[in-house]
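Here is the structure we will look at.
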Amino acid sequence: MPELPEVEWYRRYVEGTALNQRITAVNVRDAKPLQQSEEEFQQALVDHQFVDTDRVGKYFFLKLDTGTWLLMHFGMTGEPVYYRDTEDEPRFVRVEFVLENGFKLALNDPRKFGKLELVPDLEAFLKSKKLAEDALKVTEADFVARLGKKKKAVKSALLDQNLAAGIGNWIADEMLYLARIHPEVKAHTLTQEQLRTLHAVLQEVLEVALEYESDYDNFPDKYLTKYRWAEDKDIQGQCPCGKTQLERIVVGGRGTYFCPLCQKN
DNA sequence: TCGCCTGTTCGGCT
DNA sequence: CAGCCGAACAGGCG
């Protein structure tokens with residue numbers, strides 16, 4: 001479930017497990033995630049070790065002892081997994097890094113939208129992707145200035161990774177719900193106050209998601225996300241306001257949930 | 001069986 | 001050229 005908070009938890013997980021072990025082999029079960037040749041991966045990784053991690057938005061980086069970085073991008077369904085025994089291996093492992101201690105770090109990814117890429121120059125890479133600062137670090141002034149210029153639906157504008165890196169589909173919906181803004185309003189028509197509010201609720205949503213490890217059932221009662229995916233059928237799909245059902249529309253090609261009563265403009 | 005899906009990229013418009 | 005939009009990628013799941 002990889003938006004910024006999920007990827008941050010993945011980063012902590014990998015940092016706590018897979019660093020400082022010599023890589024003894026790279027097993028490529030499916031080469032699709034590899035952005036360079038398998039030979040280049042073997043050469044860059046085998047007999048080296050991961051020594052550090054970094055993250056910008058949804059992009060997770062593992063630093064090698066050579067100074068080169070390995071990017072893991074999780075796409076829609078990817079996740080890092082760390083295991084030793086075959087029976088603990090998940091079902092959709094694409095690429096597996098075997099470590100000297102007998103454990104393996106792998107990219108598990110049913111839908112195969114994930115990517116692994118060798119990145120010699122991190123700064124140049126981020127620039128080439130036009131990636132903004134991480135959403136946890138973007139200043140209110142930068143956020144307001146950039147968002148206020150976009151001519152498209154605010155929902156789509158929030159998903160641009162050159163606005164604030166790491167905002168994904170559910171976070172955008174949650175931000176708009178908490179700010180009481182309709183997802184199809186054009187971003188450049190928002191007031192300065194609305195733009196500032198969006199920056200504030202972004203920080204709040206990220207904080208909550210990190211605290212609860214994106215376990216939506218534990219989210220505060222005022223959060224739309226809690227109802228969107230509620231297990232409890234009695235509240236599933238309701239607005240937290242309790243007065244109506246959430247509506248689903250498509251904005252910029254993405255499923256978008258909002259409350260027709262709470263988000264009127 | 002059909003529709004849905006938490007991300008990114010690319011071709012084609014305007 | 002910049003911004004915007006829709007389609008495409010792939011496959012499990014309810």
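Just so you know, these numbers come straight off a predicted model, no measurement behind them. Each chain gets a letter, A, B and so on, in the order the sequences are listed, and its residues count up from 1.
Considering only side-chain N and O atoms, A/Lys152 lies nowhere under 4.0 angstrom from the phosphate OP1 or OP2 of C/dG3. Checking the phosphate oxygens (OP1, OP2) of B/dG7, no side-chain nitrogen or oxygen of A/His73 falls inside 4.0 Å. Here A/Arg228 does not reach the OP1 or OP2 of B/dC4: none of its side-chain N or O atoms lies under 4.0 Å away. For the OP1/OP2 pair of B/dC5 and a distance below 4.0 Å, the side-chain nitrogens and oxygens of A/Arg254 include no atom meeting the criterion. When the side-chain nitrogen and oxygen atoms of A/Lys58 are compared with OP1 and OP2 of B/dG7, one or more of them lie within a distance under 4.0 Å. At B/dT9, one or more side-chain N or O atoms of A/Lys129 fall inside 4.0 Å of OP1 or OP2 (strictly under the cut-off). Side-chain N/O atoms of A/Tyr257 include one lying less than 4.0 angstrom from OP1 or OP2 on B/dC5.
The two atoms that bring A/Thr197 and A/Ala179 nearest to each other are CG2-CB, 3.9 Å, heavy atoms only.
Atom CE of A/Met76 and atom P of C/dC13 are 15 Å apart (whole Å). Rounding to whole angstrom units, NE2 of residue A/His188 and C1' of C/dG3 are separated by 13 Å. Rounded to an integer number of Å, the gap from A/Glu213 CD to B/dT6 C1' is 17 Å. Atom CG of A/Leu107 is separated from atom C1' of B/dG7 by 14 Å (rounded to the nearest Å). Straight-line distance from the CD atom of A/Glu79 to the P atom of C/dG12: 15 Å, rounded to whole Å. As rounded to whole Å, 15 Å separates atom P of B/dT6 from atom CD1 of A/Ile167. Taking atom CE on A/Met72 and atom P on B/dT8, their separation rounds to 15 Å, with Å as the unit. Going from atom NZ of A/Lys130 over to atom P of B/dT8 covers 15 Å, rounded to whole Å.
Stacking of A/Arg180 on the aromatic ring of A/Tyr177 is recorded, both the 6.0 Å distance cut-off and the 45° axial limit being met.
Separating the P atom of C/dG14 from that of B/dT6 is a span of 15 Å, rounded to the nearest Å.
Distance from the side chain of A/Lys150 is smallest for C/dC4 among the nucleotides C/dC4, C/dG12, B/dT6. Nearest to the side chain of A/Asn169, among B/dG7, B/dT9, C/dG12, sits B/dG7. The A/Trp229 side chain lies nearest to B/dT6 when the options are C/dC4, B/dT8, B/dT6. Side-chain atoms of A/Lys112 lie closest to C/dG11 of the nucleotides C/dG11, B/dT6, B/dC4. In this structure, the nucleotide among B/dT8, C/dG12, B/dC5 sitting nearest to the side chain of A/Arg248 is B/dC5.
The number of heavy atoms from other shown groups lying within 6.0 Å of CD (A/Gln42) is above 12.
The existence of a salt bridge linking A/Arg12 and A/Glu213 is excluded, since no basic side-chain nitrogen approaches an acidic carboxylate oxygen closer than 4.0 Å. Taking 4.0 Å as the cut-off between side-chain N and carboxylate O, A/Asp134 and A/Arg55 count as a salt-bridged pair.
Under the stacking definition used here (centres under 5.5 Å, planes under 30°), the residue A/Phe74 fails to qualify as stacked on the base of B/dG7. The aromatic ring of A/Phe113 is not stacked on the base of B/dT8, since the criterion of ring centres less than 5.5 Å apart with planes inclined by under 30° is not met.
The aromatic rings of A/Phe61 and A/Tyr59 sit parallel, their planes meeting at an angle under 30°, below the 60° perpendicular limit.
Base pairing of B/dT6: no nucleotide in any strand meets the Watson-Crick or G-U wobble criterion (both distances under 3.5 Å).
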